Amino acid sequence: MTTETKEIIKFEKDFTRQEAIPEAGIKRALEILETGCLHRYNTPKGEVSDVALLEKEYADYVGAKYCAGLSSCGSAIYVALKSVGVKPGDKVLCNAFTLAPVPGAIENAGGIPVFLEIDENFLTNLDDLEKKAVESQAKFLLLSHMRGNIVDMDRVTEICSRLGITLVEDCAHTVGARWGDKYTGTFGKAGCYSTQTYKHMNSGEGGLLVSNDEDVIAKAILYSGSYMLFDRHISRPSVEVFERHKKNIPNFSLRMSNLVAALLRPQLADLDTQLKRWNDRYYVLAKGLEGVNHIRIPKRPEKEHFVASSLQFTLTDINIEMVEKFIAVCAERGVEIKWFGAKEPNGFTSSWESWEYIKEKQKLPQTREVLDFLCDFRIPLTFSLEDCEVITKVIRQVVEEIF
Ligand SMILES: *Cc1c(COP(=O)(O)O)cnc(C)c1O
């Protein structure tokens, strides 16, 4: 006599485990430790610091004129907002689906966020952008390419130029990604990138700010804390530009250290290989979840050359209790899904409603509806293609079992 028992599929690997730093980065970091020259301005005479070299290489990579290294992406956004002229009390348009450091940077600059709805593809609702730009008269847009999803940048730049809005891009999740031929972060006045552990290059903490505008980058370098040693930068405009601003810009001490840059330079050299590895994993996952009942993965526009270091999908035709159940059962089986519908902020995941320090309460019914059913997980490169297959099998099984 046999009874059929279905085997429960489980996933064993850690969703937060990153790859090792490349050998060349470790070697260079050790050299720097041996010389003691960790500070970006503490380099032997005649030598260019690792931070300065990284800035030049990164600017060249994305096709921007200038780049400045900072201590984090959050500080890069803060410095970018200050450098493009955000003053206390100024309104800053921003998509509501983003991470906590983004409204944090607006707050830090004294700005008031005006949140924009997102649509069913997790992208900023550009009709809402037009509407709220007119209503609020805001002159700044901080566009966060959240989880690597890139909205139609042709339309964004058209709206911004028509309405006289200054664009700053948060590219924490789009290092190496493009809209058409153009890298994210180069569409507006400034672009900000993260090199924090969970992003596309890992130095623990770190940020990069790019701009084509000589005054914006000079101010950003001064704000970052250049101790009037700005002439040691190699990705910069002429010294005269700094002379215009140097006495008016406070030193916020948000520099990048040589140790951080040493870890990043070999990763930048490898970046295009890594991007492909992320997307290979994404395609395995997306294919494995295709056609599964109650799961919808948005089709992405042809012009979006994304880097999928994470995957998002929507659960459809179920209620919130079932979403919670789905997340819980997946977690029991080793698949850690983040849920933006949770009422309380949890780890890295929070929603605009929990940022209560923002006094202007804002209702965003479309965003709420999307977030309630939005599931998200990271795709670390420590996962093999086979691991990605297993993840899809776990999810399929859970769906079949509980829905
Ligand atoms: C991580 C992240 C940031 C902030 O980056 P840090 O380097 O941690 O300050 C900003 N925006 C988004 C969307 C992020 O994911």
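These figures come from a predicted structure and were not determined experimentally. Computed over heavy atoms, backbone and side chain alike; hydrogens, waters and symmetry mates excluded. Residues: numbered from 1 along the sequence shown. Order of listing sets the numbers, starting from 1, for every ligand and every atom in it.
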Ignoring hydrogens and geometry beyond distance, is a side-chain donor-acceptor pair present between T43 and S49 at under 3.5 Å?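 There is no such pair between these side chains.
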So, are D90 and K139 salt-bridged, with charged N and O less than 4.0 Å apart?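 No, D90 and K139 are not salt-bridged.
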Could you check whether any side-chain N or O of K13 sits under 3.5 Å from a backbone N or O of T382, counting only pairs where one atom can act as donor and the other as acceptor?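 Yes, K13 side chain to T382 backbone: donor-acceptor pair under 3.5 Å.
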Kindly assign one of parallel, tilted or perpendicular to the pair F313 and F326, based on the angle between their ring planes and the thresholds 30° and 60°.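 If you compare the ring of F313 with that of F326, the planes turn out perpendicular.
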Classify the ring geometry of F252 against Y223: parallel below 30°, tilted from 30° to 60°, perpendicular beyond 60°.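 Judged by the thresholds at 30° and 60°, the geometry between F252 and Y223 is parallel.
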Would the F383 and F15 ring centres measure less than 6.0 Å apart?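 Ring centres of F15 and F383 closer than 6.0 Å.
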Pick out the protein N or O atoms lying less than 3.5 Å from any N or O of ligand 1, and list each pair with its distance.
{"residue": "ligand 1", "atom": "5 (O)", "partner": "S194", "partner atom": "OG", "Å": "3.4"}
{"residue": "ligand 1", "atom": "7 (O)", "partner": "C73", "partner atom": "N", "Å": "2.9"}
{"residue": "ligand 1", "atom": "7 (O)", "partner": "S194", "partner atom": "OG", "Å": "2.7"}
{"residue": "ligand 1", "atom": "8 (O)", "partner": "Q196", "partner atom": "NE2", "Å": "2.9"}
{"residue": "ligand 1", "atom": "9 (O)", "partner": "C73", "partner atom": "N", "Å": "3.4"}
{"residue": "ligand 1", "atom": "9 (O)", "partner": "G74", "partner atom": "N", "Å": "2.8"}
{"residue": "ligand 1", "atom": "11 (N)", "partner": "D170", "partner atom": "OD1", "Å": "3.3"}
{"residue": "ligand 1", "atom": "11 (N)", "partner": "D170", "partner atom": "OD2", "Å": "2.7"}
{"residue": "ligand 1", "atom": "15 (O)", "partner": "H173", "partner atom": "NE2", "Å": "3.0"}
{"residue": "ligand 1", "atom": "15 (O)", "partner": "K199", "partner atom": "NZ", "Å": "2.9"}

